[in-house]
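Side-chain atoms are counted along with the backbone in the values below, which use heavy atoms only and exclude waters and symmetry mates. So you know, we letter chains A, B, ... as the sequences are listed, proteins then strands, and number each from 1.
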Amino acid sequence: MLYNGRPVDLTPEEEEIATMFAVMKDTDYATKPVFVKNFWEDWKKVLGPKHVIQKFELCDFTPIFDWHAAEKEKKKQMSAEEKKQLKEEKAKAEERYAWVLIDGVGNFRVEPPGLFRGRGEHPKMGKLKRRIFPEDIVLNIGKEAPVPECPLPGHKWKEVRHDNTVTWLAFWNDPINVKEFKYVFLHQSSSLKGKSDEEKYDKARKLTSKIDSIRESYTKDFKAKDVEARQIAVATYLIDRLALRAGNEKDDDEADTVGCCSLKVEHVSLSPPSSLEFDFLGKDSIRYQNSVVVNEEVYDAIHDFKKGKKEGVDLFDRLDTSKLNAHLKKYMQGLTAKVFRTYNASYTLETQLKETLGATLNEKTAEYSRANKEVAILCNHQRTVSKGHSAQMERLEAKISELKTLREELATDLGKVKKGKPPVHSTAKRPPTAEQLEKKLAQTDARIAKMTLDLSVKEDLKTVALGTSKINYMDPRITVAWCKRHEIPIEKVFNKSLLAKFAWAMNVEPNFRFCEADGGADEDL
DNA sequence: ACCCTGACTTAGCATCGACCAG
DNA sequence: CTGGTCGATGCTAAGTCAGGGT
């Protein structure tokens, strides 16, 4: 790289960190002052006080960036054959780390060093995430199991434990947040994971038989004299109705995001006569923006909770997630805020799928996507609009108008031919028959219809992420049962990983109903 | 009652490879 | 055959929540 216009030599360690920064030139992290500041602070520590490099502004990382771009290009130019071989070699070398006795391992690789990429306005973005060594890693294995050999000669594991009350196989402390852990867990397809997934959905399903009385109860409390009880009631209402997250407290060294209990007064505004306007950053700094007509008592309560508070003050000042969850436990064993999200997501899917009107396979799966979309919108699962989206839309529109012109031409020709006159638009040596034209016309109409539909679906879904709800919120038994009833191959809606993840749900009866909870009808209160 | 630790689920984005239209 | 698109998968950050200690 260049410093003050002149080449500088860096030690491998110094250069490695410079490279981490250099390759991010074209991301918007590179323009964020916090990112640059944190990177520079950490890199400077490695460079030491006497290094030639003293000022960030004089650093020119372009040579490293160019080198990296060239390496990337080289890799791209490799033949498919070479790539495949390389991949196979890697897989073979890793094979022995990818399995434990019973199942596959999810993340068996340690996280490589890099610059921390926090989401949103994260105060720690750009900090150096140091390399992890065996000395950082705690293993969890069976008492009699042989200790896995340490792959780095001369190094040794931090610790070997035998704890059969937890599911993790190994962990290390996160170098960015030293008090937090990074775990190695079993793969999503593991039967152990499946079991706990099934329990999660069973618990959510159990809510079906309680939900009416819970709603009745919190509705009653909208007017409670006791402020805490009233706040619990309104918060529960929001979590139930809007599928908000619980909203734990956050530290100052994290991005400033909120959930239900941590909403600040400025995040909810009153819009007469009875609407609430939500606008805040939730998990992953994803914006939640919604306008909801609410019950008059809720409206009044929010008004009261906001009264006399300045910006930045908690809307629910008497409440936190543990108080809320403690209250929810009174309704149902194991009930917590997140169960409502699972319940309402699954309920929505089932309700949306109730009347499947489509005749063809394609129409039916389109209806499934539509139902999926409703759930994703409920849960506010978003994605960034893809880079080429608008260009793609324009291309599709152009294509459609092209087809429409063709359609008009076909229609004119058909009219001519029917009257025994020669077609105007056909260039074929032998003029097409009326039947041929009719067939072509029908085909064109179908293509126009399909493309128009594709276009609207694409525009509709440009900011909606369907996958998250499919993986985490919608009881797979609803989907499997629906597929069975409508004779849809399950592979049309679940990909390979979902099929493996939801293996436990595959033999459900076609008449399975999420909302007819059959178990646990008579729990305590 | 509150705080902190620990373990687990949930989340969006990057990357890769299969597939498709031109 | 090739470049572009899109879904599958990997990666790791960011949540939730229980439980133990003070």
Side-chain angles (χ1 to χ4, degrees), chain A residues 24 27 29 72 75-76 80 83-84 87 106-112 114 116-120 122 124-125 129 138 140 163 165-169 171 173-189 192-193 196-197 199-200 239 244-251 254-255 257-262 281-286 320-326 328-329 334-342 345 376 379-389 391-392 395-396 399 454 458 461 463-473 494-501:
Chain A
M24 294 185 79
T27 71
Y29 281 112
K72 230 162 116 184
K75 221 172 139 190
K76 217 167 121 191
K83 279 186 201 165
K84 202 178 154 199
K87 203 183 158 192
N107 53 330
F108 53 85
R109 298 178 189 93
V110 286
E111 294 174 16
F116 177 69
R117 297 158 90 120
R119 317 245 169 95
H122 196 118
K124 292 192 172 181
M125 64 166 79
K129 198 168 78 164
V138 177
N140 187 27
D163 185 352
T165 68
V166 295
T167 69
W168 56 266
L169 309 167
F171 81 80
N173 287 87
D174 176 13
I176 295 296
N177 247 319
V178 192
K179 289 186 173 170
E180 286 168 21
F181 317 95
K182 298 285 196 170
Y183 293 94
V184 173
F185 286 123
L186 288 169
H187 189 85
Q188 285 303 314
S189 60
L192 264 79
K193 289 271 191 196
S196 102
D197 216 23
E199 283 164 6
K200 173 184 82 182
I239 284 166
L244 300 189
R245 296 187 184 82
N248 282 309
E249 297 299 319
K250 293 191 77 181
D251 285 340
E254 298 176 281
T257 64
V258 298
C260 185
C261 293
S262 49
L281 297 183
K283 181 175 178 180
D284 293 308
S285 294
I286 296 294
D320 61 35
T321 53
S322 59
K323 275 185 194 158
L324 179 74
N325 282 334
L328 294 178
K329 296 266 173 320
L335 185 61
T336 62
K338 83 196 262 286
V339 180
F340 283 90
R341 243 168 106 80
T342 314
C379 296
N380 200 39
H381 291 143
Q382 298 190 25
R383 57 175 182 159
T384 50
V385 179
S386 76
K387 219 180 344 163
H389 179 79
Q392 284 168 25
R395 239 176 296 153
L396 270 175
K399 196 86 202 208
D454 286 353
K458 197 167 180 159
L461 292 179
T463 58
V464 185
L466 300 186
T468 310
S469 50
K470 215 170 177 180
I471 295 167
N472 300 301
Y473 286 104
F494 283 164
N495 63 34
K496 205 175 114 216
S497 7
L498 286 178
L499 285 174
K501 177 181 163 88

- Query: Which part of the nucleic acid does A/Gly467 contact within heavy-atom distance under 4.0 Å: base, sugar-phosphate only, or nothing?
  - Reply: nothing

- Item | Sugar-phosphate, base or nothing in reach of A/Asn248, heavy atoms under 4.0 Å | base

- Task: Sugar-phosphate atoms are those with a prime plus P, OP1 and OP2; base atoms are the rest. Using that split, label each nucleotide of nucleotides 1-10 of chain B B, S or - for protein heavy atoms under 4.0 Å, 5' to 3'.
- Result: ----SBBBBB

- With sequence neighbours left out, what residues match A/Lys496 under side-chain contact (heavy atoms from CB on, under 4.5 Å)? none

- Item | A/Val178: side-chain contact (heavy atoms from CB on, under 4.5 Å) partners, not counting sequence neighbours | none

- Message: Under 4.0 Å, counting only non-hydrogen atoms across every strand here, what does A/Ala337 touch: a base, just sugar-phosphate, or nothing?
- Response: sugar-phosphate

- Task: List in chain and number order the residues that pass side chain to side chain donor-acceptor pair (under 3.5 Å) with A/Thr167, two or more places apart in sequence or in another chain; answer none if no residue qualifies.
- Result: none

- Using modelled atom types only, decide if a donor and an acceptor are shared between the side chain of A/Tyr29 and the backbone of A/Phe116 within a distance under 3.5 Å. no

- Query: What nucleic acid atoms does A/Gly259 come within less than 4.0 Å of, heavy atoms only: base, sugar-phosphate, or nothing?
  - Reply: nothing

- Listed partners of A/Lys129 passing salt bridge (Lys or Arg N to Asp or Glu O under 4.0 Å), at least two apart: A/Glu111

Within the sub-3.5 Å range, which N or O atoms of nucleotides 15-17 of chain B have a protein N or O partner, and how far apart are they?
none

- Query: With sequence neighbours excluded, what pairs up with A/Lys338 under the salt bridge (Lys or Arg N to Asp or Glu O under 4.0 Å) test?
  - Reply: none

- Across all chains, not counting sequence neighbours, the side-chain contact (heavy atoms from CB on, under 4.5 Å) partners of A/Asp197 are A/Lys200, A/Tyr201, A/Lys501, A/Phe502, A/Trp504

- Query: Can you check whether A/Ser497's main-chain N or O pairs, donor with acceptor, with A/Asn495's side chain at less than 3.5 Å?
  - Reply: yes

- Message: Over all strands shown, is A/Gln382 touching base, sugar-phosphate only, or nothing at heavy-atom distances under 4.0 angstrom?
- Response: sugar-phosphate

- Query: For DNA chain C, which nucleotides open and close the run of contacts to chain A, 5' to 3', at under 4.0 angstrom from a non-hydrogen atom?
  - Reply: C/dG4 to C/dA18

- Query: Which residues pass the salt bridge (Lys or Arg N to Asp or Glu O under 4.0 Å) test with A/Arg119, sequence neighbours left out?
  - Reply: A/Asp284

- Message: Go nucleotide by nucleotide along DNA chain C from the 5' end; which of A/Lys496 and A/Val339 gets its closest nucleotide reached first?
- Response: A/Lys496

- So which one's nearest nucleotide on DNA chain C is more toward 5', A/Arg109 or A/Arg383? A/Arg383

- Base, sugar-phosphate alone, or nothing: which one does A/Thr321 contact when heavy atoms must sit under 4.0 Å apart? nothing

Can you give each donor-acceptor pair under 3.5 Å made by side-chain atoms of residues 464-471 of chain A, sequence neighbours left out, with the distance rounded to 0.1 Å?
from     : atom 1 : to       : atom 2 : distance (Å)
A/Ser469 : OG     : A/Asn372 : ND2    : 3.1
A/Ser469 : OG     : A/Leu466 : O      : 3.1
A/Lys470 : NZ     : A/Val493 : O      : 2.5

- Quick one: ring pair (Phe, Tyr, Trp, His ring centres under 6.0 Å) partners of A/Tyr473, sequence neighbours excluded? A/His381

